[in-house]
Student: 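My structure is below; once you've seen it, I'll send some questions.
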Amino acid sequence: MHTTHAARHRKAAVVLAAGALALPLGLESGGRATAAPASAQGDVVAAAKPRFQMPFACDTHWRLDTYDSGHNPALDIVVKGNTGSSGKNVLTGYKGKVARTFWDRGAGNVIVIDHGSGWYTAYYHLRDKHDKYVQKGDSVTAGTRIGHIGATGANSGGWAHLHYEQRYKTNGIPTEADRKPVHFNGKQYTGTGSTWTDVVSKNC
């Protein structure tokens, strides 16, 4: 990463993760995500994954980043060129039902969507109050607006971006321990310290 914003975000994520997300988002007390064994989750073989699309309007261009092992396989997403992302619409990338909306001191405004068969998506740092556009139990379709990109929560580092996750768990709402590599339109975007500078949304 070459931008000072990204460097500041990485530092903030490491320093502030401890305790900030420990209880509501399923981290150890030290702030490190820990995946439970497949047998413990009952997820020996994951159900077929939905064909998730990017959480943005069709044909818009985005930059995707992963960081260290404590962050990957989550993605931090900004507009291509990192020219300013605050206020951009955040849309669902597949049909589902709102599982949770809440405030967390580290993640800010958070929404978690249940897409069925154990698959979920999670959206952090949203600008607006977490239940402004959708509430728990609401049905959504691909393209439903659920909020806007923001910089809420201490772990945002004051940098407007969308922290995005795809999760899998067959019993109960998954936490960060249940994160899986992200796929958009069937293509995988994962890997510690990786960057994709121009990914086009096919959420059409």
Student: Where the side chain of T144 meets the backbone of T92, is there a donor-acceptor pair that is under 3.5 Å apart?
Tutor: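 Side chain of T144 to backbone of T92, a donor-acceptor pair under 3.5 Å: no, none is there.
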Student: Nearest heavy-atom pair of V90 and H148: which atoms, and what distance?
Tutor: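 Heavy atoms only, the tightest pair is CG2-C, 3.8 Å.
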Student: Do the side chains of Y133 and L91 join up, straight or via other hydrophobic residues, at under 4.5 Å, putting them in one cluster?
Tutor: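 Y133 and L91: separate clusters.
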Student: Should the ring pair H71 and H163 be called parallel, tilted or perpendicular, given that the plane angle runs from 0 to 90° and is split at 30 and 60?
Tutor: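 The rings of H71 and H163 stand perpendicular, inter-plane angle above 60°.
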Student: Counting N and O atoms only, with roles assigned by atom type, does the side chain of H115 sit under 3.5 Å from a partner on the main chain of K95, one being a donor and the other an acceptor?
Tutor: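 Yes: the side chain of H115 pairs with the backbone of K95.
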Student: When rounded to the nearest 0.5 angstrom, what is the spacing between CH2 in W62 and CG in N82?
Tutor: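 Nearest 0.5 Å value for the CH2-CG distance: 11.0 Å.
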Student: Do D65 and H161 meet the criterion of a side-chain donor-acceptor pair at a distance under 3.5 Å?
Tutor: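 Side chains of D65 and H161: no pair found under 3.5 Å.
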Student: Restricting to pairs with a member in residues 160-204, which pass disulfide bond (SG atoms under 2.5 Å apart), not counting sequence neighbours?
Tutor: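 Listed by first then second residue: C58-C204.
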Student: Looking at L162 and Y124, what are the two nearest heavy atoms and their distance?
Tutor: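 Closest approach of L162 to Y124, heavy atoms only: CD1-O, 3.7 Å.
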Student: So does K180 pair up with D178, basic N to acidic O under 4.0 Å?
Tutor: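 No, K180 and D178 are not salt-bridged.
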Student: Starting from F56, can I reach V199 by hopping between I/L/V/M/F/W/Y residues whose side chains sit under 4.5 Å apart?
Tutor: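 The answer is yes; both residues are in one hydrophobic cluster.
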Student: Between Y94 and W119, is there a side-chain heavy-atom distance shorter than 4.5 Å?
Tutor: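 The answer is no; the side chains never approach within 4.5 Å.
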Student: For A142 and N203, work out which heavy atoms get closest and say how close.
Tutor: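 Reported closest heavy-atom pair: CB-OD1, 3.8 Å.
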Student: So do the side chains of N185 and R51 get within less than 4.5 Å of each other, counting heavy atoms only?
Tutor: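 A side-chain contact exists here, since the closest heavy-atom pair is under 4.5 Å.
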Student: Between Y164 and Y123, is there a side-chain heavy-atom distance shorter than 4.5 Å?
Tutor: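 Sidechains of Y164 and Y123: in contact.
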Student: Which heavy-atom pair separates K97 from G137 by the least distance, and what is that distance?
Tutor: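 Heavy atoms only, the tightest pair is CG-O, 3.5 Å.
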Student: Could you check if a side-chain atom of L126 sits within less than 4.5 angstrom of a side-chain atom of W103, using non-hydrogen atoms only?
Tutor: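 They are not in side-chain contact.
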Student: Using modelled atom types and a 3.5 Å cut-off, is there a donor and acceptor pairing between side-chain atoms of T66 and backbone atoms of N72?
Tutor: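 Looks like no, no N/O pair under 3.5 Å.
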Student: Looking at K136, K129, Q135, H130, which one forms a side chain to side chain donor-acceptor pair (under 3.5 Å) with T101?
Tutor: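 Passing option: H130.
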Student: Of all the heavy-atom pairs spanning T190 and Q188, show the shortest one and how long it is.
Tutor: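 Distance-wise, the nearest heavy atoms are CG2-NE2, 3.1 Å.
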Student: Rounded to the nearest 0.5 Å, what's the gap from CD1 on I149 to OG on S156? Could you check?
Tutor: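 So the CD1 of I149 and the OG of S156 are separated by 12.5 Å.
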Student: Would you call I113 and Y120 a side-chain contact if the rule is heavy atoms closer than 4.5 Å?
Tutor: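 Heavy-atom side-chain distance check fails, nothing below 4.5 Å.
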Student: Among residues two or more places apart or on two chains, list those pairs meeting salt bridge (Lys or Arg N to Asp or Glu O under 4.0 Å) that have a residue in residues 182-198.
Tutor: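 Found K80-D198.
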Student: May I ask whether L64 and V200 are part of the same hydrophobic cluster, defined by side-chain heavy atoms of I, L, V, M, F, W, Y residues being less than 4.5 angstrom apart, directly or through others?
Tutor: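 Per the 4.5 Å side-chain linkage, L64 and V200 are not co-clustered.
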Student: Looking at side-chain heavy atoms only, is the closest gap between V98 and V140 below 4.5 Å?
Tutor: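 The answer is yes; the side chains approach within 4.5 Å.
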Student: Rounded to the nearest 0.5 Å, how far apart are CZ of R145 and NZ of K132?
Tutor: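 Rounded to the nearest 0.5 Å, the CZ-NZ separation comes to 8.0 Å.
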Student: Return yes if some donor-acceptor pair links the side-chain N/O of S201 with the main-chain N/O of A57 below 3.5 Å, else return no.
Tutor: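 Yes.
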Student: I need the minimum non-hydrogen distance between H125 and G106, along with the two atoms involved.
Tutor: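 What the structure gives for the nearest pair is CE1-O, 3.6 Å.
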Student: Can you spot which of K49, Q53, Q166 makes a side chain to side chain donor-acceptor pair (under 3.5 Å) with H183?
Tutor: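 The side chain to side chain donor-acceptor pair (under 3.5 Å) with H183 is passed solely by K49 among K49, Q53, Q166.
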